[in-house]
There are 2 protein chains.
Amino acid sequence: MTDTRTRAERLAGAIADAIVAGEWVPGDRLDEQALAERYGVSRTPVREALRQLGATGLIELRPRRGAAVALVTPEELDELFVATAEIEATCARLAALGMSPVDRRRLEALHDDMGALAAADDPVAYAEANTAFHGAIYAGARNAVLAEVALGLRRRLLPYRKAQFRAPGRPALSHREHGAVVDAIRCGDAAGAHAAMLHHVGLVERAVDALAGRAAPRRGAA
Amino acid sequence: MTDTRTRAERLAGAIADAIVAGEWVPGDRLDEQALAERYGVSRTPVREALRQLGATGLIELRPRRGAAVALVTPEELDELFVATAEIEATCARLAALGMSPVDRRRLEALHDDMGALAAADDPVAYAEANTAFHGAIYAGARNAVLAEVALGLRRRLLPYRKAQFRAPGRPALSHREHGAVVDAIRCGDAAGAHAAMLHHVGLVERAVDALAGRAAPRRGAA
DNA sequence: TCGTCCAGAATTGCATGCATGAAAGTTGGG
DNA sequence: CCCAACTTTCATGCATGCAATTCTGGACGA
């Protein structure tokens with residue numbers, strides 16, 4: 001069956017995928033004509049796709065100066081991480097309160113499966129399963145709006161956390177932290193789920209900082 | 001000095017303002033040609049503006065079938081309110097933890113000023129000040145990303161909460177709830193600020209529900 | 001009365017062309 | 001050698017035109 005979406009929509013998806021895949025890195029210029037030729041369309045749908053992506057924050061549109069993959073400052077990156085952590089923690093709390101028994105079992109099963117990937121120290125497979133894990137938390141919160149916001153923020157962070165799981169032993173650490181979240185959700189411990197998720201994403205931030213070769217930014221520190 | 005923004009950007013702002021002002025209500029079709037004539041431009045920048053607004057959720061773009069002001073179902077409306085409440089509560093918690101003494105004083109002053117508006121039962125002036133109040137909370141959280149998300153959700157809700165303050169006595173009730181938030185922030189009571197804000201926005205939702213009653217817009221209703 | 005089907009009209013999707021503003025390159029002066 | 005102003009080049013912003021799809025309304029048959 002044919003795709004009913006417009007070219008602009010498909011382009012937006014394709015360009016976003018390419019950015020997340022690292023084909024362009026933050027700061028790279030997105031030339032309208034080059035994109036048009038690459039995807040075999042005219043500049044018009046390319047421009048519409050770029051506007052759409054600009055509204056999500058994944059790219060930046062500077063009037064008369066073209067589009068570029070969003071280049072966030074260290075301060076903005078910290079805010080992005082904090083915002084993501086808070087929203088994911090909120091999802092975890094809502095999940096602890098309202099997740100169905102069946103969904104809880106599924107989450108536990110997914111977590112158990114990830115244990116094997118962590119033990120095998122398989123970063124690629126673990127990263128993929130990690131996305132599913134966080135997606136299960138979003139779903140457990142039973143709030144599509146929060147999930148959409150969280151996914152949007154996660155996408156904006158992806159260009160900066162690509163290599164995160166490649167550090168040896170990181171999947172295992174991530175898995176232990178997930179365990180705290182899963183335990184709290186299983187017990188219906190809303191505050192515990194919130195705290196565990198906040199702690200987890202906070203650790204991810206510090207890992208990214210370490211990879212970037214910076215000292216971990218501290219909120220309000222001198 | 002001349003506006004350096006492109007026509008598409010200005011159009012996006014103007015159309016959003018018109019929607020929030022109630023010039024079009026949820027479900028109304030947005031005709032490209034009509035918009036182009038109204039704002040004295042061609043369809044090209046109009047289309048780009050519509051894509052931008054579509055990405056924010058304020059309008060819906062149905063391929064080959066035009067754009068319309070987003071018509072949210074009662075279930076989605078509930079999710080929007082919950083998400084907004086959770087994010088604003090998070091901002092309140094962060095504000096309680098990290099707001100500067102000067103900002104705390106400013107927030108208290110703003111709250112006191114709103115007391116007069118509430119006593120006078122002036123819904124229009126109170127609604128305006130209310131926006132400033134919540135903006136002060138966002139600022140207190142010191143996280144532009146969270147603030148941006150909260151504002152975006154608030155904007156999507158605005159077409160549904162326009163008449164909210166017109167119920168007699170509502171400004172006074174809102175002001176009392178704000179007082180609980182302000183008190184908690186003043187004491188640095190993070191959990192209290194979170195709970196007070198959650199409660200406050202939850203009450204707003206119930207007020208909107210009451211106003212909407214059975215006349216709430218329904219998609220595809222029989 | 002109701003549903004179906006088929007022009008005609010209207011609207012969206014996209015390509016193309018041109019004008020404007022920004023960046024790069026060049027030249028002349030200090 | 002450096003810098004500033006000018007020129008050139010090129011990408012973006014926008015208008016216009018055409019093709020494809022959807023919508024409308026009326027005729028026709030059950």
Side-chain angles (χ1 to χ4, degrees), chain A residues 1-19 23-71, chain B residues 1-19 23-71 219-222:
Chain A
M1 97 162 228
T2 68
D3 194 338
T4 73
R5 293 180 303 169
T6 112
R7 281 169 173 58
E9 277 176 284
R10 273 175 285 171
L11 279 170
I15 294 170
D17 288 346
I19 291 174
E23 200 158 329
W24 293 292
V25 298
D28 279 0
R29 181 91 175 281
L30 299 171
D31 184 89
E32 293 179 1
Q33 183 125 339
L35 288 169
E37 285 167 12
R38 162 171 175 164
Y39 292 104
V41 297
S42 79
R43 280 177 48 225
T44 304
V46 169
R47 286 176 58 81
E48 293 181 4
L50 292 180
R51 284 229 159 256
Q52 187 170 332
L53 293 174
T56 71
L58 190 65
I59 70 174
E60 275 171 7
L61 300 175
R62 293 162 307 173
R64 288 255 166 220
R65 312 181 75 207
V69 181
L71 189 58
Chain B
M1 99 158 223
T2 68
D3 195 340
T4 71
R5 294 180 303 170
T6 71
R7 286 181 214 289
E9 277 177 284
R10 274 174 286 173
L11 279 170
I15 294 170
D17 287 347
I19 291 174
E23 201 158 328
W24 294 293
V25 299
D28 280 359
R29 182 96 174 282
L30 298 172
D31 184 88
E32 293 179 2
Q33 182 123 339
L35 288 169
E37 284 168 11
R38 163 172 173 162
Y39 292 105
V41 298
S42 79
R43 281 177 48 225
T44 304
V46 169
R47 286 177 57 82
E48 293 181 3
L50 291 180
R51 282 227 161 259
Q52 187 171 332
L53 293 174
T56 70
L58 190 64
I59 71 174
E60 274 171 9
L61 300 175
R62 291 162 308 173
R64 296 244 164 231
R65 312 180 85 210
V69 180
L71 189 57
R219 173 156 43 188

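Letters A, B, ... are given to chains in the order of the sequence lines, protein chains preceding strands, and every chain is numbered from 1. Quick caveat: nothing in here was measured; it's all calculated off a predicted structure.
Taking every heavy atom of residues 36-50 of chain A and every atom of DNA chain D, pairs under 4.0 Å involve A:Arg43, A:Arg47, by number.
Residues B:Leu58 and B:Val69 are not in side-chain contact: their nearest non-hydrogen atoms beyond the backbone lie 4.5 Å or more apart. In this structure, A:Ile19 and A:Ile59 have side chains that are in contact, with non-hydrogen atoms separated by less than 4.5 Å. Between A:Val46 and A:Tyr39, every side-chain heavy-atom pair lies at or beyond the 4.5 Å cut-off.
Distance CD (A:Gln33) to C1' (D:dC14): 16 Å, rounded to an integer number of Å. Separating the CZ atom of A:Arg5 from the P atom of D:dT21 is a distance of 17 Å, rounded to the nearest angstrom. Remark: C1' of C:dC14 and CG of A:Leu35 are 16 Å apart, rounded to the nearest angstrom. Separating the CG atom of B:Leu61 from the C1' atom of C:dT11 is a distance of 14 Å, rounded to the nearest angstrom.
Judged by atom type and distance alone, A:Arg64 reaches the base of C:dT20 through a side-chain donor-acceptor pair under 3.5 Å.
One side chain, B:Thr6 or A:Arg51, offers a donor N or O that lies under 3.5 Å from an acceptor on the other.
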Should B:Arg29 and B:Glu60 be marked as a salt bridge (charged side-chain N to carboxylate O under 4.0 Å, His left out) after you check the CA-CA gap, both sets of side-chain angles, and the distance that decides it?
CA-CA 10 Å; B:Arg29 182 96 174 282; B:Glu60 274 171 9; over 6 Å; no
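Contact annotation: B:Arg65 does not reach the phosphate of C:dT12 (side-chain N/O to OP1 or OP2, under 4.0 Å). In this structure, B:Arg29 reaches the C:dT12 phosphate: one of its side-chain N or O atoms is under 4.0 Å from OP1 or OP2. Note on B:Arg7: a side-chain N or O is less than 4.0 Å away from OP1 or OP2 of D:dC14.
In this structure a side-chain-to-backbone donor-acceptor pair under 3.5 Å is missing from A:Arg5 to B:Pro63.
Each of B:Leu30 and A:Pro63 has a nearest nucleotide on DNA chain C; the 5'-most of these lies closest to B:Leu30.
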